[in-house]
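Chain identifiers are assigned alphabetically (A, B, ...) following the order of the sequence lines, protein sequences preceding nucleic acid strands; residue numbering begins at 1 within each chain.
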Amino acid sequence: MTTTSALPKQYDPSEVEPRWRRFWLENGFFHADEASPTVPYSITLPPPNVTGSLHIGHALGFTLQDILIRWKRMQGFNAMWMPGIDHASIAVHVLLEKDLQRRENKTRFDLGRDEFLRQAWAWKERSGVRIGEQEKLMGYSLDWPRERFTMDERANRAVIEAFVRLHEEGLIFRAKRMINWDPVSETVVSDLEVDTVEENGSLWEIRYPIAGGAPGDAIVVATTRPETLLGDTAVSVHAGDERYKHLHGKLVELPLTGRRIPIVAVDLMIDGKSWPDPSFGSGAVKVTPAHDPTDYEVSQHAGLPVLQVIDATGRICDPAPAKYVGMPMVEARKAVVADLEAAGLLGTVKDYKVPRGRSQRSGAVIEPMLMEQWWVKAAQLAEKAIAAVEQGKTRFVPEHETKTFMHWMTHIKDWCISRQLWCGHRIPAWHCAQCHGITVAREPPAACTHCGSAAITQDEDILDTWFSSGLWPFSTLGWPDRTRELATFYPNNVLVTGPDILFFWVARMMMMGLHFLGKVPFRTVYLTSIITDENGAKMSKTKGNGIDPLDVVFGATLDQLIERVDIERPPVDLELLKRAVRKNFPKGIPAMGADALRFAMAALNTTLRIRLSVDRVEKYRNFINKLWNASRFALMNLDGYDPERFEAQLSTSAGRAALGMPERWILSRLQAVVGDVDAALESFRFNDAAGAIFHFVWDELCDWYIEIAKPHLYAGAEFEQDAARTARRHIVQGVLATALETTMRLMHPFSPFVTGEIWQKLSKPPQLPGSLMITVFPRSDPSWTDAEAEREMRLLQEVAVGCRMLKQTYGVSPAQSTDVELRVGNAEQRAVIERHLGLIERAAKVTARVSADIAAPAPAGSAKEVVGGDLEIVMLLGGLIDVAAEQSRIAKDIAKADKEIALLDRKLGNADFLARAPEDVVAEQRGRLAEEQARRRRLADALATLSGGAGDAPGGAAGGAR
RNA sequence: GGGCGAAUAGCUCAGCGGAAGAGCGUCGCCCUUACAAGGCGGUGGUCGCAGGUCCGAACCCUGCUUCGCCCACCA
């Protein structure tokens, strides 16, 4: 037996992973040199937010990126994967403020800007470190020395430079426009940060009395927000609406305010529709210009005043009657409705679905407000991005996402970039107290550039976090300096990110990259799937269905998962949440290692969403273990193997000719799978690549080749004096070692730890580098394609499986050998089977005899299986068989064959088919028909024999020429 | 209201013009000296519905139905 140190029976990632992690990092294998003469390949990691830790969605996207980067690195590219983290302005803000509220019942204003920022940085520090650790645990080969933060000094410089330049070019400007106000976070948010949801509300009818009219003379308006009436400055009706023609220009008494406002005739097209719509409600609309986008537009056309009655905190404010001032909106609504009712001005109230904007981050109801803000003129920047995509300079995978991108780009609106938050890049603009001019500058100016006054103060606002993100692909490389890094690694080859930030981020990078560098930031945008739980629900902490990637790596008991619920204190019912966790993870999560999770990510990734569950990852954990054990087997049987000698042997044609058929077969399959994996990765079909490896390792290498190899390996040790056997043993050892070694290289980008470990233990030719991750990725070599070996193996497999099936059917124990007679009509096939009879005998555990006499009646008490048209397996069971069962099994096969024959007959009887289908297709169908017919004949004979008679069997379409 | 996507085995999904596939589940039989996180075998599908194109359709076209997702300032 062997002396090689035995590997443990089960792969233990916790023992293997830390060593390799350390080894890679200590050797700096992840670092790319921008001065290297080799062809660059670069990816920028979508920087995770410093709001916490990595979730399963990150694990998916990052794993796919690491697969690409490791693959290209092994192919010899100068592969650079840029790490970084994002300050995530508003996300951190909301988090910190909630925390502050909970712990000290304070707001950020109680703390003040400086202290708040201090805490934000401390948070960033903790979170950033944690994220980095997680990325290392997952084995991501990020170029760590380059790691960046969106608010580090170099990023700041890039942000200021970009802002100032865009301002100089007139692409950044300041304007008073209708914006989305988040009254909880007290900041503007962009259109993208507002989710519109339909909520249950009411539609109220209110009577506005006609000024100077008869008592009860009133115009009725409908509204979903009665409290905004305090800010009304008109009632609008459609100019063509006959019902109201007599009221044009008349005044109405605005209830509760003592103000009089006009009835104005309007005829506008808003968003492609006529406004106001006479058929909706009464056809008359109250106009609140300061707090409704449509009303604002109406006011601009009709020259109406704008009256702001809601303040920054979402309360009623000054121009409104004193009674309401200071009321939050909810209270104000109650008060206004009650007062209207008391005044007898309230009409019908009905239930109504109202679309309501909510802040994505804080959940606050968005108030449309008129405010002066900083804007980016987006349409102009978008033009270049549109053109670049049209010209194919950047393409999207999956391709259909192109449309989504283009649609948004062609309908793009100006981008509001100022935020009234503290955590972020301060806007480089200074306001003059003297002349009220604005000075935009790279360095803090000493004086106002307009009037020279020193009484200037910097703008209080910060920039939308996506502004700095938009510069990320080049700000990380040293822009605005023209660095070597920039020249080497820009544009990136690929961007891998989730479709949820297509507009937020991808679109902005495209615009900024093209504007500032004149080149697209990446050639391909690969959009990943969304991960959900097994029921298709989005994973979330508050639902208790989320899977933490590190729990998959290290495992977590149910108790640990439950305990964590307490620590994290999400704003939901804790008991409910615990129950959900118990239900979703009844047995906790077993430790599966980073490799298994990574492989699962690749294998499960499709164009749809991924329904992830612990069970599904377990399958790949099992696969890693299978690979481990195959290697374990090999290592126990490689003594005496000399990789150099084997390599030398393969380099000669005589040496190659000495390979047996199974060896030629597995090497042919190996080179095919190498080609498949390479092609799949080339077109981002990660699941196909992973599937090809999975199938090769498990179904071909393990199930067949290793089984075939066993007798040669075992025998070798006992027959050392037998030169032929020893030579054969060396060949089998060599092929097994080669197949495994190649598989490790092929699979390394997917599962780097286990492949590194196995690869290092395998004997291999000495000229290879010392680490798997820098050794070459396999290349498919067509000279190893061996169609003959593949055909022969297929035949042997079919025969072996047929034998197993018969044994199984007749209750013969797998351990018990059985006699079979293989009757092969085709001489060529017979020769193959005779040559490899031992292989069949071993694979199926039978004792076989080959005969050419296919027509002879089978001995009584034997079972028969027909393979193809010209081969019968006769299993001699000595009367053990259940005749009725055998009859019904064969009858079923006959029925199947009849169906097939009928189908082929119809096809081949069709003159059009014969005339129009390609010749090879016709020939193929003819061949199939002949085979099916022959097969059917054999089956019919078998049935007849069983029934005791001879000759034809029941059924119809038997026979036919051969 | 627009746009995009999906409907294939009990479940989750591949396949996208020339013989219906995988994994899981399920049902059997095996602790065979790499692996029970394993081996072997079986069961299971008029490929959502209706038309059309084609010699040939799960695959292409049209319509319909049902689910997702994204975008959208209608009172």
Side-chain angles (χ1 to χ4, degrees), chain A residues 1 6-7 9-11 178 191-192 196 203-204 221-225 236 270-273 275-277 280-288 292-297 352 354-355 357 368 398 400-401 403-404 407-408 411 499-500 502-503 530 534 536 590 592 596 603-604 606-611 613 615-616 618-637 685 687-688 691 694-695 702-703 706-707 710 714 801 804-809 811-815 844-845 900 903-904 907 910-918 920-922 924-925 928 932:
Chain A
M1 267 312 346
L7 264 45
K9 269 177 136 181
Q10 279 194 2
Y11 173 63
M178 192 56 77
D191 295 341
L192 282 176
T196 312
L203 188 66
W204 324 72
V221 298
T223 181
T224 55
R225 302 187 64 196
S236 70
I270 293 178
D271 206 27
K273 276 167 267 180
W275 184 267
D277 176 4
F280 186 94
S282 64
V285 187
K286 59 192 277 309
V287 183
T288 321
D292 182 279
T294 309
D295 290 1
Y296 179 67
E297 211 166 308
Y352 198 70
V354 277
H400 67 81
E401 297 285 357
K403 275 190 186 166
T404 317
H407 182 264
W408 191 75
H411 294 84
D500 50 331
L502 183 62
F503 307 141
I530 298 284
E534 51 200 317
M592 299 194 255
L604 297 175
T606 67
T607 49
L608 293 171
R609 67 183 180 295
I610 299 177
R611 292 185 197 237
S613 66
D615 294 355
R616 301 188 79 185
E618 258 181 305
K619 170 182 154 186
Y620 296 99
R621 187 265 318 252
N622 296 353
F623 174 62
I624 300 286
N625 194 51
K626 184 80 182 175
L627 184 74
W628 177 256
N629 274 290
S631 311
R632 179 168 173 262
F633 169 79
L635 290 168
M636 289 192 294
N637 291 287
R685 288 178 289 115
N687 56 330
D688 284 348
F694 187 94
H695 176 253
C702 291
D703 286 352
I706 287 184
E707 292 307 321
K710 276 177 183 174
Y714 293 158
V801 168
R804 286 172 185 162
M805 193 272 284
L806 286 178
K807 283 180 75 175
Q808 176 86 28
T809 306
V812 181
S813 156
K845 190 101 179 155
E900 193 66 26
L903 205 90
L904 289 161
K907 217 169 189 178
N910 183 342
D912 281 333
F913 173 71
L914 299 176
R916 302 200 187 205
D920 57 319
V921 172
V922 176
E924 195 195 322
Q925 307 283 319
R928 271 181 55 209
E932 272 313 307

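Here G5(B) is the nucleotide among G5(B), C35(B), C73(B) with the atom lying nearest to any side-chain atom of H400(A). Comparing atom distances between the P918(A) side chain and each of C40(B), G18(B), C71(B) picks out G18(B) as nearest. Minimum atom distance to the side chain of N910(A) is reached by C55(B), of the listed C73(B), C35(B), C55(B). Closest contact between the side chain of R616(A) and the listed nucleotides U12(B), A34(B), A19(B) involves U12(B). Considering only side-chain atoms of N622(A), the nucleotide from A14(B), G38(B), A36(B) that sits closest is G38(B). Among the nucleotides A19(B), C55(B), C73(B), the one closest to any side-chain atom of T294(A) is C73(B). Of the candidates C55(B), C71(B), G39(B), C71(B) carries the atom nearest the F503(A) side chain, counting heavy atoms from C-beta on. Proximity note for E297(A) (side chain, C-beta onward) versus G23(B), C55(B), C73(B): the nearest is C73(B). Side chain of E900(A), nearest nucleotide from A19(B), C55(B), A34(B): A19(B). The nucleotide whose nearest atom lies closest to any side-chain atom of C702(A) is, among A34(B), G41(B), A37(B), A34(B).
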- Strand RNA chain B as a dot-bracket string - pairs counted if Watson-Crick or G-U with both distances under 3.5 Å, | where the partner lies in another strand: ((((((((.[[[[.)..(..]]]].(((((.......))))).....[[[[[..)....]]]]])))))))....

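Among the heavy atoms of the strands, none lies under 4.0 Å from E401(A). Within the 4.0 angstrom heavy-atom criterion, only backbone atoms of the sugar-phosphate kind lie near P355(A); the bases stay farther away. The residue V801(A) sits close only to the backbone: its heavy atoms come under 4.0 Å of sugar-phosphate atoms, none of a base. Looking at heavy-atom distances under 4.0 Å, E932(A) makes no contact with the nucleic acid at all. Within the nucleic acid shown, N625(A) comes within 4.0 Å of at least one base atom, counting heavy atoms only. Nucleic acid contact for D277(A): base, since at least one base atom lies under 4.0 Å from a heavy atom of the residue. No contact: P368(A) has no heavy atom under 4.0 Å from any strand. Contacts of W275(A) with the nucleic acid, taken as non-hydrogen atoms under 4.0 Å apart, include base atoms. At the heavy-atom level, A915(A) lies nowhere under 4.0 Å from the strands shown. Using a 4.0 Å heavy-atom cutoff across all strands shown, Y620(A) reaches no nucleic acid atom at all. Across all strands, T223(A) comes closer than 4.0 Å only to sugar-phosphate atoms, never to a base (heavy-atom distances). Residue-level contact check: R611(A) touches the backbone only, with heavy atoms under 4.0 Å from sugar-phosphate atoms and none from bases. Contact annotation for A815(A): no contact, since no heavy-atom pair falls under 4.0 Å across all strands. At a threshold of 4.0 angstrom between heavy atoms, the contacts of R804(A) are confined to the sugar-phosphate backbone, with no base atom among them.
Atom NZ in K403(A) sits about 14 Å away from atom C1' in G2(B), given to the nearest Å. Distance, M636(A) CE to U33(B) C1': 9 Å, rounded to whole Å. Distance CG (L604(A)) to P (C11(B)): 18 Å, rounded to an integer number of Å. A straight line from NE2 of H407(A) to P of C71(B) spans 12 Å, rounded to a whole angstrom. The CH2-P distance, from W408(A) to G3(B), rounds to 20 Å in whole Å. The CD-C1' distance, from Q10(A) to A37(B), rounds to 6 Å in whole Å. If you measure from atom CG of L502(A) to atom P of G3(B), you get 18 Å, rounded to the nearest angstrom. Between the NE2 atom of H411(A) and the P atom of G1(B) there is a distance of 18 Å, given to the nearest Å.
A donor-acceptor pair under 3.5 Å is formed between the side chain of K807(A) and the backbone N or O of A844(A). A side-chain donor-acceptor contact under 3.5 Å links N629(A) to the backbone of K9(A).
Nearest heavy-atom pair, K286(A) versus V221(A), reported as atom, atom and distance to 0.1 Å: N-CG1, 3.9 Å. Closest heavy-atom contact between P499(A) and E401(A): CB-OE2, 4.4 Å. Minimum interatomic distance between A630(A) and I706(A) (heavy atoms only, all atoms of both residues): CB-CD1, 3.8 Å. When all heavy atoms are compared, the tightest approach of L7(A) to L635(A) is CD2-CD1, 3.8 Å. The minimum heavy-atom distance linking N625(A) with Q10(A) is given by the pair OD1-CA, 3.5 Å. When all heavy atoms of P590(A) and E618(A) are compared, the closest pair comes out as CG-OE2, 4.0 Å.
Taking 3.5 Å as the limit, the base of C35(B) and the side chain of K626(A) contain a donor-acceptor pair of atoms between them. Applying the 3.5 Å distance criterion, the base of A37(B) shares no donor-acceptor pair with the side chain of E618(A). A donor-acceptor contact under 3.5 angstrom links the side-chain atoms of K710(A) to the base of A34(B).
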- Start with the C-alpha distance between V801(A) and R804(A), add both sets of side-chain angles, then the distance that settles side-chain contact (heavy atoms from CB on, under 4.5 Å), and finish with yes or no. CA-CA 5 Å; V801(A) 168; R804(A) 286 172 185 162; 4.0 Å; yes

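The separation of G48(B) from U8(B), taken at their P atoms, amounts to 6 Å, rounded to a whole angstrom. Nucleotides A36(B) and C49(B) have their C1' atoms positioned 46 Å apart, rounded to a whole Å. For the C1' atom pair drawn from G18(B) and C59(B), the interatomic distance equals 11 Å after rounding to whole Å. Rounded to the nearest Å, the gap between the P atom of C24(B) and that of G42(B) is 15 Å.
In this structure, the salt bridge (charged side-chain N to carboxylate O under 4.0 Å, His left out) partners of R225(A), at least two apart in sequence or on a different chain, are E227(A), E367(A).
Ring planes of F694(A) and Y620(A): perpendicular class, angle over 60° (limits at 30 and 60°). Between W628(A) and Y11(A), the ring planes are tilted. Angles from 30° to 60° get that label.
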Produce the list of close N/O pairs, under 3.5 Å, pairing protein atoms with atoms of nucleotides 25-28 of chain B; give distances to one decimal.
{"from": "G28(B)", "atom 1": "N2", "to": "Q808(A)", "atom 2": "OE1", "distance (Å)": "2.9"}
{"from": "G28(B)", "atom 1": "N2", "to": "Q808(A)", "atom 2": "NE2", "distance (Å)": "2.6"}
{"from": "G28(B)", "atom 1": "N3", "to": "Q808(A)", "atom 2": "NE2", "distance (Å)": "3.2"}

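Judged by closest nucleotide on RNA chain B, L903(A) is the one of L903(A) and T809(A) placed further toward the 5' end. Closest-nucleotide positions on RNA chain B for D912(A) and N629(A) were compared, and the one nearer the 5' end corresponds to N629(A).
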